[in-house]
Asks: 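Questions regarding the structure given below will be posed in turn.
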Amino acid sequence: MLDKEQTQTALMELFETLLSRYGALNWWPADTPFEVCVGAILTQNTNWGNVEKVIVNLKREGLLSVQALREIDEERLAELIRPSGFFNVKSARLKEFVVWILQRHGSLEAMFGGDWRLLREELCAVRGIGPETCDSILLYAGEKPSFVVDAYTRRLFSRLGLVRETDDYHRVRALFMDHLPAEVPLFNEYHALIVEQCKRHCRKKPSCEGCPLSHFCTLPAAGAP
DNA sequence: ATCCAGTAAT
DNA sequence: ATTACCGGAT
């Protein structure tokens with residue numbers, strides 16, 4: 001078992017290794033904080049490519065604002081977001097989210113104005129916003145230092161031996177929150193690099209050829225002698 | 001444990 | 001034809 005200082009060092013070394021391989025990714029790919037929020041909900045258990053089609057639709061219809069989504073008919077919204085999958089639940093979730101923003105905070109800017117730790121509790125209680133979506137909104141839309149954990153993070157770091165696959169969201173997040181400086185640019189890039197690493201190499205069916213983390217990994221290495 | 005659902009890679 | 005996908009609610 002690693003002590004606290006060793007864990008801090010290991011996390012930063014992994015970060016530097018990924019950064020030097022993939023470069024700065026400059027997430028989240030969106031024009032506005034609200035577009036980040038919408039994308040975070042739409043991408044739930046869905047390929048990002050599907051979400052991009054939907055963002056195009058919503059932009060074309062002028063729907064990427066809190067007010068516009070508040071006005072639009074739920075069934076019509078469902079049709080526009082169809083390519084992202086789960087379109088009925090996601091349409092309802094988007095509607096509930098904007099209604100909540102308006103009633104509780106009045107605007108997205110006001111929502112991000114207060115203490116982000118309190119906001120995190122509030123947001124997670126909104127229907128359709130679980131812990132990952134919540135942290136994505138806080139980090140990438142609100143620029144708050146809240147680390148985002150997803151299925152990729154759990155898979156990669158369990159293969160690295162730093163968490164177990166069965167650890168819950170809070171436990172995996174605590175690894176990063178407790179061992180990294182609370183810096184938005186660091187959290188931003190780290191999560192983006194984890195996603196990139198898992199798309200390229202650390203897939204469910206591992207593709208270890210040329211993996212930059214092979215000598216940190218607990219899996220039987222693909223190119224091992 | 002099951003449901004929600006479309007899209008692209010394999 | 002099967003797998004995988006930047007999850008969350010019931």
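Residue numbers begin at 1 in each chain, while the letters A, B, ... track the order of the sequences. Model, not experiment: these values are computed from the prediction.
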Asks: Distance check, P atoms only: B:dA5 and C:dA4, in whole angstrom units.
Replies: 22 Å
Asks: With heavy atoms under 4.0 Å as the rule, sort A:V126 into base, sugar-phosphate or nothing.
Replies: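 A:V126: backbone/sugar contact only, no base atoms under 4.0 Å.
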Asks: Inspect the contact between A:R21 and A:E196 and indicate whether a charged nitrogen and a carboxylate oxygen are less than 4.0 angstrom apart.
Replies: no
Asks: Remember a base hit wins even if backbone is also touched, and classify A:K53 as base, sugar-phosphate or nothing at under 4.0 Å, heavy atoms.
Replies: sugar-phosphate
Asks: Under 6.0 Å from the CD atom of A:E71, do we count more than 12 heavy atoms belonging to anything else shown?
Replies: yes
Asks: Any base atoms under 4.0 Å from A:R155, or only sugar-phosphate, or nothing? Heavy atoms, all strands.
Replies: sugar-phosphate
Asks: Determine whether the side chains of A:S91 and A:N88 contain a donor N or O and an acceptor N or O closer than 3.5 Å.
Replies: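 No pair is found: no donor N or O on one side chain lies under 3.5 Å from an acceptor on the other.
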Asks: Quick check on DNA chain C: between A:G128 and A:W28, whose nearest nucleotide comes earlier from the 5' end?
Replies: A:W28
Asks: Between A:R93 and A:E96, does any NZ, NE, NH1 or NH2 come within less than 4.0 Å of an OD or OE carboxylate oxygen?
Replies: no
Asks: Mind calculating the distance between CD (A:E196) and C1' (C:dC5) to the nearest angstrom?
Replies: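 In whole Å, C:dC5 C1' and A:E196 CD are 15 Å from each other.
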Asks: Among B:dA5, B:dG6, C:dG8, which nucleotide has an atom closest to any side-chain atom of A:N45?
Replies: B:dA5
Asks: Where the side chain of A:K204 is defined as all heavy atoms beyond and including C-beta, which of C:dC5, B:dT7, C:dG7 is the nearest nucleotide?
Replies: C:dC5
Asks: On DNA chain C, nearest-nucleotide positions of A:C124 versus A:G49: which is more 5'?
Replies: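 So the residue in question is A:G49.
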Asks: Please state how far atom CG in A:N57 lies from atom P in B:dG6, giving the value in whole angstrom units.
Replies: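 Computing the A:N57:CG to B:dG6:P distance gives 15 Å.
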Asks: Measure from CD on A:E79 to C1' on B:dA5 and round the result to the nearest Å.
Replies: 12 Å
Asks: Using whole Å, report how far CZ of A:R127 lies from C1' of C:dG8.
Replies: 11 Å
Asks: Consider the side chain of A:F87, meaning its heavy atoms from C-beta on, and name the nucleotide among B:dG6, B:dA8, C:dA4 that approaches it most closely.
Replies: B:dG6
Asks: Whole angstrom is fine here: how far is it from NZ in A:K90 over to P in C:dG7?
Replies: 9 Å
Asks: At under 4.0 Å between heavy atoms, what does A:I129 touch on the DNA or RNA strands: base, sugar-phosphate, or nothing?
Replies: sugar-phosphate
Asks: I need the CD-C1' distance between A:Q44 and B:dA5, as an integer number of Å.
Replies: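 These atoms are roughly 14 Å apart.
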Asks: Return the OG to CG distance between A:S158 and A:D167, rounded to the nearest 0.5 Å.
Replies: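 That separation rounds to 9.0 Å.
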Asks: So, OP1 or OP2 of B:dT7: does either fall under 4.0 Å of a side-chain N or O from A:S84?
Replies: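 Looking at the OP1 and OP2 atoms of B:dT7, neither is under 4.0 Å from any side-chain N or O of A:S84.
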Asks: Measure from the side-chain heavy atoms of A:V89 and tell me the nearest of B:dA5, B:dG6, C:dG8.
Replies: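 Nucleotide nearest to A:V89's side chain: B:dA5.
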Asks: Roughly, in whole Å, what's the span from CD in A:E132 to C1' in C:dG8?
Replies: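 Value for this atom pair: 10 Å.
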Asks: Output the single nucleotide from B:dA8, B:dG6, C:dG7 whose closest atom is nearest the side chain of A:R82.
Replies: B:dG6
Asks: Nearest-Å distance, CG (A:N47) to P (B:dC4)?
Replies: 21 Å
Asks: Would you mind telling me which residue lines up with the more 5' stretch of DNA chain B, A:R203 or A:G85, judged by nearest nucleotide?
Replies: A:G85
Asks: In this structure, are over 12 heavy atoms from other groups packed under 6.0 Å from A:Q8 atom CD?
Replies: yes
